[in-house]
Each structure stands twice: as structure tokens, then as C-alpha cells.
Amino acid sequence: MVEISGVHKSFGKQEVLRGIDLTVRAGEVTVVLGPSGSGKSTLLRTINHLEKVDRGTVHVDGELIGYRRRGDTLHELREREVLRQRTAIGFVFQNFHLFPHLTVEENIVEAPVAALGVPVRQARERAKRLLERVGLGEKAGAYPRTLSGGQQQRVAIARALAIEPRLLLFDEPTSALDPELVGEVLDVIRDVASQGATMIVVTHEIGFAREVADTVVFMDEGRIVEQGTPGDVLGRPREERTKGFLSKVL
Ligand code: ADP
Ligand code: MG
């Protein structure tokens, strides 16, 4: 479902991604761990072309992201094409990024209607079902600011699901939450994973990784240092840097 190959990315002189290769199979959950500044967010953002890669390619469901190949050269796609590709990829951010001036339901209905042309009535019905699914059936008419962080993040997950994405990306979805609200959001993500979604989750929640991940990837300084099953990477890490990181977060 996701094929990342030889991806490099610099900001100015700083090389943030230094040759990333990663494959994620359909229906699998990949958890990405690593210290702050190791390039995790940048990697996620290259997958939907929020960041342009300097070198390498990203394919999602067989489709080259951000570029069209002509002979040996890659030409960047037009904004419209990039937006079309992005509508197949759900993205959940650390800070929710809900539209503050829209109600919960309007937040969820917006993308399916505006980007996919789903009829409003149908989009609303789907939004209601999704809100039930994340335990917020009562909150359709509420504004984001009236909700707790955990509720806002559950709305953000419902919104990401509303486009029926082929792939879901989560960038530290519980890092901005008070500790007592982390569990309710992880429960929703776990539920989505159990329904067979393909997802890449950047998180420091090791317990969640152990339970839900098919593959755990440990990144440091723009490289994948180690990857494997949760049992291997979390239980029997081979690399010193992985061991050092785990000893700090566990
Ligand atoms: P992580 O998510 O693992 O904490 P990031 O991918 O956010 O790491 O950042 C990796 C490095 O790239 C950091 O040093 C960060 O400051 C830098 N960086 C990220 N985005 C930008 C940007 N838009 N412009 C300049 N530097 C950036
Ligand atoms: Mg980050």
C-alpha cells in the first residue's frame, strides 16, 4: 500500500531524511518511534506531499505521489492533482487542526462534499455514523472549542475516516492530550486498526505499539535504524540507539 524508496529531504543545510526505505502492506499498522527531531513528522508529510522530497519516491496504492514520470524525469503534479491524491490519505495531527468556525458535523462533512462531491445529505448521514463510532453521537452540533482535547481528537479521526481513505497517517495523536484523555483516543485508533485500516502512527505510546503494531520502526537522525515486529524492536532491540531511546520512554 505504501512504498517509500530512497527518500531524502533537507531544510537548508540540514538533511532531515537521509535515505528512507519503508514498505507498508495493506491492512497493516506501522508504528514509528524515535527521538524529537529525528524526522518522523517530515517523513509522514512526504507521504501526502505536504513536503516535497529532494530525492526518492513515494507510492501509495501503486500511484506515484506528487509527480508524473516522463521518460527518466519526474515532473511535479499540478496542485489539483496533488489535492486529489491527498483525498485518499487521512491525516490526523497532534493538535487536531479542526476548523474552529465549523461545528463537529460540518468539520466531518466538509472534505467529502468539497473534495469528493458526495451529496450533502449522504455526507451528513455518514458523519453521524462516524460520530457514533468514535463515541460522540451527541456532539454533532457542538463547536470544537467546547470539547475536551480527547473529544476534539476523536472528531479529527472521524473527519479523517469520512473520506474513506486508503491510508491513515497519525502524527503523535495523543501528545497534546492530558494523560487521562490519552486512553479514549488510543481506543478509537485501536478500533479503526482492528477494522483492517492501513496506518502509519507516530507515537511514543509503547504499550499501544506493542499491542497494535504489525511493524515497529525506530528512526534516528533521518534514518531508519531498526525495524521489525514489536516483539523484536521493543522486546529485543539490537541497536544501541534503540535501547537508549526505549530506556527513556518506558
Ligand atoms: P520529529 O517529528 O521526529 O520530531 P521533524 O520531522 O519534525 O522531527 O523535524 C526534523 C528536523 O527538521 C528538525 O530539526 C526540525 O527542526 C527540522 N524541520 C522540520 N520542518 C522544517 C521546516 N519546515 N523548515 C526547517 N526545518 C524544519
Ligand atoms: Mg514530529
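Predicted, not measured: the structure shown is a model, and the values here were computed from it. Note that these values count all heavy atoms, side chains included, but never hydrogens, waters or copies made by symmetry. Numbering of ligands and ligand atoms starts at 1, following listing order.
Close N/O approach between S38 and ligand 1 is found [any backbone or side-chain N/O within under 3.5 Å]. Checking only distances, G39 does come within under 3.5 Å of ligand 1, N or O to N or O.
Between R25 and E28 there is a salt bridge, with a side-chain nitrogen of the basic residue lying less than 4.0 Å from a carboxylate oxygen of the acidic one. Between E240 and K243 there is a salt bridge, with a side-chain nitrogen of the basic residue lying less than 4.0 Å from a carboxylate oxygen of the acidic one. Ion pairing of R84 with E63 is present here, as a side-chain N (NZ or NE/NH1/NH2) and a carboxylate O approach within less than 4.0 Å. Taking 4.0 Å as the cut-off between side-chain N and carboxylate O, E184 and R154 count as a salt-bridged pair.
Put simply, S36 stays out of reach of the Mg ion (ligand 2), with no N, O or S atom under 2.8 Å from it.
Nearest to atom 3 (O) of ligand 1 among the protein's heavy atoms is K40 NZ, 2.7 Å. Ranking the protein heavy atoms by distance from atom 19 (C) of ligand 1 puts F11 CE1, 3.5 Å first. Nearest protein heavy-atom contact of atom 7 (O) of ligand 1 is S41 CB, 3.6 Å. In terms of protein heavy-atom proximity, atom 9 (O) of ligand 1 is closest to T42 OG1, 3.9 Å.
Within the 4.0 Å heavy-atom cutoff, G37 counts among the residues contacting ligand 1. At least one heavy atom of Q14 sits closer than 4.0 Å to an atom of ligand 1. Residue contact check for ligand 1: P35 places a non-hydrogen atom closer than 4.0 Å to it.
Side chain of S148 to main chain of Q151: a donor-acceptor pair is present (N/O by atom type, distance under 3.5 Å, no hydrogens or angles). For Q152 (side chain) and L147 (main-chain N/O), a donor-acceptor pair under 3.5 Å exists by modelled atom type.
For atom 16 (O) of ligand 1, the protein comes within 4.0 Å by no heavy atom at all. The presence of a protein heavy atom under 4.0 Å from atom 11 (C) of ligand 1 is confirmed.
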For Y67 and H49, what are the C-alpha separation, side-chain angles and deciding distance, and is it a ring-ring contact (aromatic ring centres under 6.0 Å, His included)?
CA-CA 9 Å; Y67 299 91; H49 207 58; 5.4 Å; yes
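Using modelled atom types, one finds a donor on one side chain and an acceptor on the other under 3.5 Å when comparing H8 with E15.
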